[in-house]
Amino acid sequence: MIEVKNLTKRYGKITALDNISFTVDTGEVLGFLGPNGAGKSTTMNIITGYISSNEGTVTVDGSEILADPKRTKQKIGYLPEIPPLYMDMTVRKYLEFMFDLKRVKLPKKEHIDEIIRLVGLSDHGKRLIKNLSKGYRQRVGFAQALLGNPPVIILDEPTVGLDPRQIIEIRKLIKSLGKKHTVIFSSHVLSEISAACDRIIIISEGKIIADAKAEKLHEVLSDERRMTLTAEGKASDISAELNKIPEVLRVKKQAAQGKANEYLIDYKSGEDIRRSVFNAMVRINCPILEMKSGDDSLEELYLKLTEKSKGGES
Ligand code: ADP
Ligand code: MG
């Protein structure tokens with residue numbers, strides 16, 4: 001559906017994008033993850049035709065943005081980092097205005113009603129945009145991007161500045177969009193991306209440093225994974241038994257919790273050791289109180305990687 005090929009973008013001496021390429025399949029929800037200044041907005045602005053690149057091409061559903069900007073833009077709904085809202089309009093008036101501006105061919109009232117319902121603005125149609133909270137304004141921006149039912153939806157940091165409840169709602173919305181649209185959305189927060197998308201691209205300093213299915217990201221970034229185990233029993237026995245599991249690389253006793261201890265278990269990526277851990281604890285008659293896979297370590301990994309590629313800066 002989307003093909004980005006060898007994009008390079010320079011602002012004076014700054015190379016914001018350094019020869020990046022990726023494709024997005026129809027119906028895929030792609031998370032575009034990277035720290036501030038990584039080049040996320042620049043990429044999205046180029047895909048949507050807002051700015052041009054120095055080198056490279058973008059093709060959306062067969063049309064190339066430079067060769068046929070009008071047709072290509074019609075295939076994309078875009079929520080930029082700062083949505084272009086008119087504060088003195090009501091929600092409905094604004095959507096009608098954008099509907100006309102985009103020359104949408106669908107039945108106007110029905111289409112706008114449907115979108116308003118979809119983004120949860122049914123009770124806000126008559127409110128002035130300036131009187132809406134940040135979360136509701138974001139929904140208006142969302143609604144604007146959905147006008148005309150474009151096959152591709154691009155969202156630049158749609159959850160920035162929202163409270164946790166609003167973030168969960170926006171995440172749900174993004175997931176539901178994925179059923180009918182091809183979606184790219186960016187964030188600098190790993191947990192937001194991994195909760196909502198099929199595939200993740202990590203960008204840092206204008207370069208793609210990982211491109212993987214969400215559940216494979218860890219394997220791609222590191223050949224180790226970590227889990228936390230809380231179990232009752234003699235710590236030396238438990239450590240010894242865990243170390244017998246072939247995939248286990250190392251075991252560290254973390255904290256005591258009454259009769260139980262917490263252990264950090266590092267093991268080879270790509271393996272699932274939960275059953276082996278269970279069986280090991282059964283063998284030595286030590287009850288498991290909790291077993292947790294370490295998503296935190298993925299967060300750490302992401303921070304480490306994006307820090308590293310920042311090189312000499314700081
Ligand atoms: P992100 O959206 O990931 O935070 P951006 O794409 O906004 O990153 O920025 C990438 C790099 O390009 C940054 O170093 C930023 O300072 C620079 N940059 C972005 N826009 C401009 C501009 N209009 N002029 C000069 N430098 C820019
Ligand atoms: Mg940005």
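Just so you know, ligand 1 is whichever comes first in the structure, and atom 1 is the first atom listed for that ligand.
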Test of proximity, Ile14 against ligand 1: N or O pairs below 3.5 Å: no
Ligand-side contact atoms (ligand 1) for residue partner Pro35, heavy atom cut-off under 4.0 Å: 3 (O)
Close approach, Gly39 and ligand 1, non-hydrogen under 4.0 angstrom: yes
Sub-4.0 Å protein heavy atom next to atom 16 (O) of ligand 1: no
Identity and distance of the protein heavy atom lying nearest atom 12 (O) of ligand 1: Ala16 CB, 3.3 Å
Ser41 atom OG and Glu81 atom OE2 as seen from the Mg ion (ligand 2), angle to 10 degrees: 110°
Side-chain donor/acceptor of His111 to backbone N/O of Gly148, under 3.5 Å: yes
Contact flag Ser186/the Mg ion (ligand 2), N/O/S atoms, threshold under 2.8 Å: no
Polar side-chain atom of Thr15 near backbone of Leu17 as donor-acceptor pair, under 3.5 Å: no
Min N/O separation Thr42 to ligand 1 under 3.5 Å: yes
Matching residue for Ile2 among Leu30, Ile184, Thr59 - test: side chain to side chain contact (heavy atoms under 4.5 Å, CB included): Ile184
Close side-chain approach of Ile51 and Tyr11, heavy atoms under 4.5 Å: yes
Under 3.5 Å: N/O of Gly37 near N/O of ligand 1: yes
Sub-4.0 Å heavy-atom contact, Gly206 with ligand 1: no
Residue Asn36 vicinity, atoms of ligand 1 by number, heavy atom under 4.0 Å: 4 (O)
Minimum-distance protein heavy atom relative to atom 19 (C) of ligand 1: Tyr11 CE1, 3.3 Å
Ligand 1 atoms in contact with Ser41 (distance to a heavy atom under 4.0 Å): 1 (P), 2 (O), 6 (O), 7 (O)
Steps toward salt bridge (Lys or Arg N to Asp or Glu O under 4.0 Å) verdict (Arg10, Glu55): CA-CA 9 Å; Arg10 286 179 286 268; Glu55 282 151 51; 3.2 Å; yes
Lys253 side chain vs Ser239 backbone, donor-acceptor pair below 3.5 Å: no
Derivation of the side-chain hydrogen bond (donor to acceptor under 3.5 Å, both in side chains) call for Ser63 and Asp68: CA-CA 6 Å; Ser63 11; Asp68 197 348; 5.5 Å; no
Sidechain N-carboxylate O distance under 4.0 Å for Glu96, Lys108: no
Validation row: Leu7, Val58 side chains within 4.5 angstrom (heavy atoms): yes
